[in-house]
Amino acid sequence: MSTLSSKLREFTDLKSGVVRLTLSDFRNYKNLRIESAISPIVITGENGSGKTNILEAISFLTPGRGLRGAKLSDIKRIRRQNEEESDFAGWSVAADIIKNGEEHTIGTAMQSFFKEETDDTHSYDRRIVKLDQQKITQQGELGKYISAIWITPQMDRLFLGGTQPRRSFLDRLVYAFDLEHAKRTANFEHLYKQWITLIKSGNNDIRWLESIEADMASLGVAIAAARREQIARLNTFVEQEPDDVFPNVRLELDGTVEKMLDTEPALQTEDFYASHLAKQRRNILYNDYVDGVNRTDFKVYFQKKNMPAEMCSTGEQKALLVSIILAQTKCQILYKGFAPILLLDEVTTHLDDQKRDALLDKIRALNLQAWITSTGLQNFDILRNDAQFFRLENGKLF
Amino acid sequence: MQGNDIEKLIKIIAKLPALGARSSRRIVLHLLKKKETSLLPLINALQNVADNIKKCPICGNFDTDEPCAICADSARDSEVICVVQDVADLWAMERVGLYKGQYHVLGGILSALDGITPEDLNIESLFSRLNKGVIKEVILALPATIDGQITTHYLLSRLKEYPLKITTLAQGLPLGAELDYMDDGTIQLALSARKEI
């Protein structure tokens, strides 16, 4: 066994994952409890039976807005005609988790609160999070205890179309290693909105604009540096540990700030970025296009063919995505010291038989917890002795 | 069901910060039950405040005197000004009792999204005070949020034109905190602002 494999084994043998999951008023579930093993978990059921909802609930145990990026109020179970309104405060997900053998509890729920505004009192929703029964204010803290990586059917088109979904995907890969990255991107987004609103309002207070631009530049360079670091980490890993079945990827960043960091120190890049933003103030009035870390593209190449992912076939694109996820998973185990949970929604679609079996076999070999959904059982023969199997019918698990 | 007046009172109290409909009902019920010891003294106190409260024309603090007791106190250091977001922050500083200088209350922080511009804040009066040439130090005690930071930077860019010592409050670990429970950003801040002992 190679040093790398034994190190991976060392951490996955310690076990990390969800051992008990309880959903209340979450999507189609009034109440659902699952006792799960740290192993592959295969959930089968018809379309619309609620398989993805279970994966989404697990994704809410990690920082962020879950695998669908849904509005909190949209997750609340739809009230039946005979149910009282007062019984419908919100939704909650509770879990007993294990991180490298240590037990912890995580609870998260939607809470509505009221805020008085000039015209009336408005209701807002927010997510509250508890770790080991203690309320925590920084969701990022969860990242120290649990991590999840997901593939959903929507991601089959990740390499086609606009840059935003690819950028968000990359940022999620970065969060797993750098918990501050989530805060940085959220703060950058907030400043970006402030900046645009200020310019569009016609307020030409140069000092105010420059203050915002300086902070955007400093956050932007930190964001770009963290993305570069993650790309370098994954490229090095793929170089050293090429996969035997899935196509090896080469990852690149296509962004002005990231490129400048190739040759210039961070402080100089910050100064450049601040003046670059100042020069673009007029753009906002005409076309809303602003160059910077908010426009960076995450480029993926099929290494052997030297072909951009968007030019590859649908199956190849899926295989490239799986390849990135496998590299990220192994990097997380090696460098963060605990295994992420894999949430794989209809992951076998578009993969040929060899790649499908190889993926399931690799998941089994990694000895980690992977929640896999599918409409049928036929593709999972390879896991029959190693996985926990659940069938979903009418919102109940069998 | 309550009468119209009581209903109206419940609605008014429910709109106060940190209160909701349930706590408002409890407060109103308490006031009704304790008319002599709670309701009437409250009415009295509210009336007095409404009749006499003034916004200090120098620093923006609330007081019944003009200028406020802090600005009028000759024992306080008139060469140092602490800039705070709101009167609540001034009260917090005064509770500590350590600071003996003057204050300047901005009345908010800059936010283009909420339409709060420098003109909406008590900023020009700060520079009028500085132009008199007495002030030697300005302490920027604004919130450690992203908008607080922008306001700090905005003021800093204007304050740099004055021969002043400009300081901000230290950021880092709260008293009694355990490192293990701190988020990474706080630890990074505390580490970069470490001091020799």
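Within every chain, numbering begins at 1; the chains are lettered A, B, ... in the order of the sequence lines, protein sequences first and strands thereafter.
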(message) Go through it in stages, so that I can follow the logic: the residues are Y154(B) and I212(A), the test is side chain to side chain contact (heavy atoms under 4.5 Å, CB included), and I'd like the CA-CA distance, side-chain angles, deciding distance and then a yes or no.
(response) CA-CA 8 Å; Y154(B) 172 83; I212(A) 298 178; over 6 Å; no

Straight-line distance of [X] [atom1] to [Y] [atom2], nearest 0.5 Å:
X       : Y       : atom1 : atom2 : value
S211(A) : R158(B) : OG    : CZ    : 11.0 Å
K160(B) : R207(A) : NZ    : CZ    : 10.5 Å
L113(B) : W195(A) : CG    : CH2   : 13.5 Å

Residue [X] excluded, over 12 heavy atoms near [atom1] under 6.0 Å:
X       : atom1 : value
K99(A)  : NZ    : yes
K130(A) : NZ    : no
N131(B) : CG    : yes
L285(A) : CG    : yes
E161(B) : CD    : yes
K54(B)  : NZ    : yes

(request) Before giving the answer on side chain to side chain contact (heavy atoms under 4.5 Å, CB included), spell out for T117(B) and D205(A) the whole-Å C-alpha distance, their side-chain angles and the decisive distance to 0.1 Å. (result) CA-CA 9 Å; T117(B) 68; D205(A) 190 324; over 6 Å; no

(message) Between S111(B) and chain A, with a heavy-atom cut-off of 4.5 Å, which part of the residue counts as in contact: side chain, backbone, both or neither?
(response) both

(message) Less than 4.5 Å to any heavy atom of chain A: does that hold for the side chain of T152(B), its backbone, both, or neither?
(response) neither

(request) Under 4.5 Å heavy-atom distance to chain B, tell me which part of K200(A) shows up: side chain, backbone, both or neither. (result) neither

(request) Could you have a look at I150(B), L156(B), T151(B) and say which one has the most heavy-atom pairs with chain A under 4.5 angstrom? (result) I150(B)

(message) Among L219(A), I196(A), N187(A), L198(A), which residue has the highest count of heavy-atom pairs closer than 4.5 Å to chain B?
(response) N187(A)

(message) Can you tell me which of E210(A), Q138(A), H190(A) forms the most heavy-atom pairs within a distance under 4.5 Å of chain B?
(response) H190(A)

(message) Quick check: closest heavy atoms across D147(B) and Q194(A), and the distance to 0.1 Å?
(response) OD1-NE2, 2.9 Å

